[in-house]
Amino acid sequence: METLTNWYKLWAQLSDIQNRAFARKKEHRDDDFWKHKAKDFDKMVDERWSKPDSSRDFLIQKLKDNPDSTLLDIGAGTGKWSMLASPYVAKVTAFEPSSAMQQVLRQKMKEENITNIDIVTGTWPKDDALPHDYILASHSMYGVEDFKIFVKKMSATATKACIMVLRVPFVDSVMAIAARKVFGQPYDSPNFQIAYNALLGMDIYPDIIMEEDGNWPSWTHDSFKEAFDELKNRLDLAGSLKYDGFLLDLLEKNLTLEQGKYVWPSGNRSALVYWEV
């Protein structure tokens with residue numbers, strides 16, 4: 001009989017791999033990873049948000065139904081969710097460790113004359129925050145190896161409900177095929193599927209909203225080698241040649257050359273996870 005997957009252990013292992021992949025991209029060990037990338041990140045989210053999406057609609061409606069609420073936005077980044085929520089709440093706390101991300105958010109708040117967002121430098125769950133009605137973590141949990149601690153602190157800090165937004169990798173994506181070959185299972189990084197099973201194991205039974213048209217924009221690279229190096233880095237294979245033949249063939253079969261760029265098939269969509277406390 002098959003043994004049950006330890007979802008917490010799998011999350012921790014993949015989070016560790018992802019953290020090492022990000023660390024290898026840093027120019028210097030003490031650099032803010034987003035130092036030269038925050039504005040590009042903001043533009044990427046703009047592109048992803050160019051179409052209507054059910055997660056944003058859900059949050060706005062929830063806040064409209066509960067006027068004068070407070071929202072804590074964990075890993076707020078450049079503040080997309082914080083700014084989206086600000087017209088419907090008494091206060092938003094944008095909890096963000098990156099000064100580069102904070103700088104972009106401050107500039108946008110100034111341009112749009114938004115005054116009810118407080119920016120707090122902090123990393124969840126290491127740093128504490130005051131209780132808020134709603135706690136939101138949108139794609140900000142992947143780098144935390146202990147998923148249980150992340151969630152327990154969310155539930156302990158929220159007075160009404162917790163919301164997570166996570167990526168949902170497609171079962172036939174390039175990364176899923178590569179992960180099956182290298183890891184023996186289809187997940188190359190922390191994601192919704194792992195989180196959902198982990199939440200059930202914590203006796204949390206959340207509501208789920210799967211994005212109606214939430215496919216993420218395709219990855220692009222300037223060269224085939226750049227795409228190949230990215231794939232190996234994500235799979236923690238930077239110093240190994242073991243799977244090169246398989247991975248090269250996989251990319252050759254799936255990447256397309258469009259206007260001088262190597263384009264991956266879309267591999268993810270998003271899901272919103274909601275539970276009351």
Side-chain angles (χ1 to χ4, degrees), residues 34 37-67 69-89 92-96 101 104-105 108-109 111-112 114 116-117 124 132-143 151 154 158 160-173 175-176 187 189-196 199 204 206-220 263-276:
W34 299 105
K37 304 174 186 288
K39 290 183 179 179
D40 289 339
F41 174 85
D42 194 57
K43 291 177 182 177
M44 180 193 71
V45 181
D46 277 341
E47 180 182 353
R48 195 183 303 163
W49 281 28
S50 61
K51 297 178 288 187
D53 107 19
S54 48
S55 293
R56 279 175 275 152
D57 293 343
F58 174 87
L59 178 64
I60 290 171
Q61 190 58 55
K62 187 64 63 175
L63 297 177
K64 283 182 176 179
D65 291 343
N66 295 272
S69 294
T70 57
L71 173 75
L72 175 64
D73 184 3
I74 297 172
T78 58
K80 294 296 189 188
W81 287 96
S82 293
M83 293 184 67
L84 175 74
S86 64
Y88 310 103
V89 297
V92 178
T93 299
F95 207 69
E96 171 58 44
M101 292 288 206
V104 174
L105 173 54
K108 293 194 298 183
M109 289 169 58
E111 291 171 355
E112 299 190 26
I114 294 174
N116 67 335
I117 299 177
W124 195 270
H132 286 64
D133 294 313
Y134 293 96
I135 312 292
L136 168 70
S138 176
H139 305 294
S140 56
M141 66 292 293
Y142 306 129
V151 169
M154 285 183 70
K160 288 184 179 177
C162 297
I163 302 167
M164 283 184 161
V165 182
L166 299 112
R167 60 173 169 250
V168 186
F170 301 149
V171 295
D172 59 350
S173 70
M175 290 306 305
Y187 307 129
S189 54
N191 58 48
F192 162 80
Q193 286 94 322
I194 302 172
Y196 180 71
L199 288 170
I204 295 173
D207 295 329
I208 307 298
I209 296 178
M210 198 66 64
E211 292 293 357
E212 296 170 1
D213 189 16
N215 289 10
W216 290 23
S218 298
W219 297 345
T220 62
V263 181
W264 298 59
S266 181
N268 300 273
R269 68 190 309 176
S270 291
L272 181 143
V273 180
Y274 172 88
W275 70 95
E276 295 182 349

Nearest atoms (heavy-atom pairs only) where [X] meets [Y]:
X      : Y      : answer
Ser189 : Ile194 : O-CD1, 4.1 Å
Ala94  : Ile117 : CB-CG2, 4.0 Å
Val165 : Tyr142 : O-OH, 4.2 Å
Asn268 : Arg167 : OD1-CD, 3.7 Å
Lys108 : Thr78  : NZ-O, 2.9 Å
Gly77  : Leu105 : O-CB, 4.5 Å

Rounded to the nearest 0.5 Å, how far does [atom2] of [Y] lie from [atom1] of [X]?
X      : Y      : atom1 : atom2 : value
Ser138 : Met164 : OG    : CE    : 10.5 Å
Ser82  : Leu136 : OG    : CG    : 7.5 Å
Ile135 : Trp275 : CD1   : CH2   : 10.0 Å
Leu272 : Ile163 : CG    : CD1   : 6.0 Å
Glu96  : Asp73  : CD    : CG    : 8.5 Å

Testing the 3.5 Å rule here: is there a donor-acceptor pair between the side chains of Ser270 and Glu211?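 Not at all, the side chains of Ser270 and Glu211 share no donor-acceptor pair under 3.5 Å.
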
**Message:** Any donor-acceptor pair under 3.5 Å linking the side-chain atoms of Asp57 with those of Gln61?
**Reply:**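 There is no such pair between these side chains.
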
For [X], which residues count as a side chain to side chain donor-acceptor pair (under 3.5 Å) partner, sequence neighbours excluded?
X      : result
Asn66  : Tyr134
Glu111 : Gln107
Ser173 : none
Ser140 : none

With sequence neighbours excluded, tell me which residues meet side-chain contact (heavy atoms from CB on, under 4.5 Å) with [X].
X     : answer
Val89 : Leu63, Val92, Asn116
Thr70 : Lys91, His132, Asp133
Pro87 : none

Note to self: Tell me whether Arg269 forms a cation-pi arrangement with Phe192, defined as NZ or CZ under 6.0 Å from the six-membered ring centre and within 45 degrees of its axis.
What the structure shows: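 Here Arg269 fails the 6.0 Å and 45° test against Phe192.
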
Output field: ring centroids His139/Trp81 closer than 6.0 Å: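 Centroid distance His139-Trp81: not below 6.0 Å, so no.
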
* Could you tell me whether a side-chain N or O of Ser266 sits under 3.5 Å from a main-chain N or O of Trp216, the two making a donor and an acceptor? =>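 Checked: pair present.
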
Margin query: Are Val273 and Leu166 packed together at the side-chain level, in the sense that at least one heavy-atom pair is separated by less than 4.5 angstrom?
Written below: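 A side-chain contact exists here, since the closest heavy-atom pair is under 4.5 Å.
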
**Message:** Quick check: do Trp124 and Met141 have side-chain heavy atoms less than 4.5 Å from each other?
**Reply:**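 SC-SC contact between Trp124 and Met141 ruled out.
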
Once ring-ring contact (aromatic ring centres under 6.0 Å, His included) is applied, do any residues pair with [X], and if so which ones, sequence neighbours excluded?
X      : answer
Tyr187 : none
Tyr88  : none
Phe170 : none
Trp219 : Trp264

Could you tell me whether Arg56 and Asp53 make a salt bridge, using a distance below 4.0 angstrom between a side-chain N and a carboxylate O?
->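 Yes, Arg56 and Asp53 are salt-bridged.
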
